Amino acid sequence: MTDDRMLSASGLNLRFGTVPALVDVAAELWPGEVLAIVGESGSGKTTLLNVLSGHMAPQSGQVLYRAPDGTETDVHAMSAPMLRALHRSDWGFVHQNPRDALRMGVSAGGNVGERLMAQGSRHYGDIREAAIAWLAEVEIDADRVDDLPRTFSGGMLQRLQIARTLVTHPRLVFMDEPTGGLDVSVQARLLDLIRGLVARLGIAVVLVTHDLAVARLLAHRVMVMQRGEVVETGLTDQVLDDPQHPYTQLLVASVLAA
Amino acid sequence: MNGYNFAYLDEQTKRMIRRALLKAVAIPGHQIPFGSREMPLPYGWGTGGIQVTAAVLGPQDVLKVIDQGADDTTNAVSIRRFFARTAGIATTTHTSDATIIQTRHRIPEQGLREGQILVYQVPMPEPLAKLEPSRAETTRMHGLAEYGLMHVKLYEDITRYGHVSISYDYPVMVAERYLMSPSPIPAYDNPKLHRNPALQLFGAGREKRLYAIPPYTAVRSLDFDDHPFRTTRAPQHCDLCGDDASYLDEVVTDNQGGRMFVCSDTDHCESRRAKQEQPA
């Protein structure tokens, strides 16, 4: 069981001055699994995501990634070109604000095709076909393929970002509050879309969210963080239905019932 | 000329530029920083080119200077005269007679030969500058050979206009490693960069960068498999020499909308006309 872990982190520590962001954090992820990291603002969720994805180096501890061929490498010991290549091919990153990731002056098709071109695709027709197919996949009309993202709504932008990330069929996608800043009906549709895509394509996801409903809908497992520490971890239903730690109990109890 | 060193620049500066040029030749297409000096002409008029020329110029050299293909425009005339006065070297307008050709915006129509040096004046050495504003990031992209972004630009052009709309300064891959701006030469001239027997040196004075294409280096214009690189030229022929294959300038001749097409390369046009007159 432990041998096919895709991502395993142990002993991660990181302090910003006197503020502990990560305190002896360990995390594991298996292929095809969706792991949600929940907690309030400032609990270290996004920091953990950045450390797991190699964007930020921890002060101690290591993050190991197992490639499809079984070789295990330390994400933070990797050379910059290797890490960037990994982010372009096997990995993907979905930002909370799609404007951070998208090129707003480039058409939707160009945005989706960028990762393909970065990987070396040099056939315009094929790239365009793939872009249109992925727009359909995220429920954006094919005739919007040449429109600039700035003409898109917030929900569409987020779906466009997901299409742009998934076009190279990554095995592992990091998502930072993918539904943040969207209204509830748009959120529901987006969650439905992500759940469908992730299940069908067998993508492993590390998802950061402060919204327990999002975690319940998408995640197989949940990690609860408080002040940089993982206070509870387990299967989603187990943690959310029968929280053991007082902080988790507080989080679960503070969800407003509609 | 009294009071000036040979070819205006002092010897230490020339050594510094030559060192940078050696490095540039060793890494084809890679931009090398150099300590660009103040020159007695404004940025944008060829301060980079003139420094490179000064650094490679010897007393035996014969210099030709062209601006938009022409030997007789202000900039070409003044740079040619500048070196004639400060270095006392011979100058020419004939491509075949020159050992060093400083150029802005064109590669001569006549093929170059081994031993000749073509010096380009470059306004913007960074081909990715319009796409990625951060110099640190473009340096990283060159280091890792991540040039997908340039193809995104080509993709956008084809999507919007049906073809790549870059008509000059068309980006090229040098020796399949470095993405390079060929300076604002027309895309028509791009094929001449490929495996050219002459040494091609590029100098950007304001941006303080040098780069080079050694003789016989492979230079490929970027394109897509299904939208291959194509050159364009005005479909007319030259009104002076009748050439229907050279690169043409459109010249407005009067206020009634009269216009004529002439070869942009004046030496090419003149030598063709001289040949046509001989038999008569």
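Just so it is clear, the model here is predicted, and its values are computed rather than measured.
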Which of the residues B:L149, B:D225, B:L154, B:D223 is involved in the greatest number of heavy-atom pairs with chain A at under 4.5 angstrom? B:D225
Pairwise distance CG(B:L144) to CZ(A:R88) - rounded to 0.5 angstrom: 8.0 Å
If you count heavy atoms of other groups shown closer than 6.0 angstrom to CZ of B:R195, is the number above 12? no
Residues, nucleotides or ligands: over 12 heavy atoms within 6.0 Å of B:K208 NZ: yes
Would you say B:R15 has more than 12 foreign heavy atoms packed within less than 6.0 Å of its CZ? no
The reported gap from CD1 in A:I127 to CG in B:D226 (rounded to nearest 0.5 angstrom) is 8.0 Å
Distance check, rounded to the nearest 0.5 Å: B:R160 atom CZ versus A:S107 atom OG? 7.0 Å
Do other residues, nucleotides or ligands put more than 12 heavy atoms under 6.0 Å from the NE2 atom of A:H95? yes
Counting only heavy atoms not in B:R220 (residues, nucleotides, ligands), do more than 12 fall under 6.0 Å from its CZ? yes
Heavy-atom contact with chain A under 4.5 Å, split by part of B:H227: side chain
Would one find more than 12 heavy atoms of other residues, nucleotides or ligands at under 6.0 Å from atom CD of A:E129? no
To the nearest 0.5 Å, how far apart are CE in A:M117 and NZ in B:K153? 12.5 Å
Highest number of heavy-atom pairs under 4.5 Å with chain B among A:G109, A:A80, A:A118 belongs to A:G109
What's the shortest heavy-atom distance between A:E114 and B:V152, and which atoms? CG-CG2, 3.6 Å
A:R128 portion near chain B, given a 4.5 angstrom heavy-atom threshold: both
Closest non-hydrogen atoms of A:Y124 and B:F224, given as atom of the first, atom of the second and distance, are N-CD2, 3.7 Å
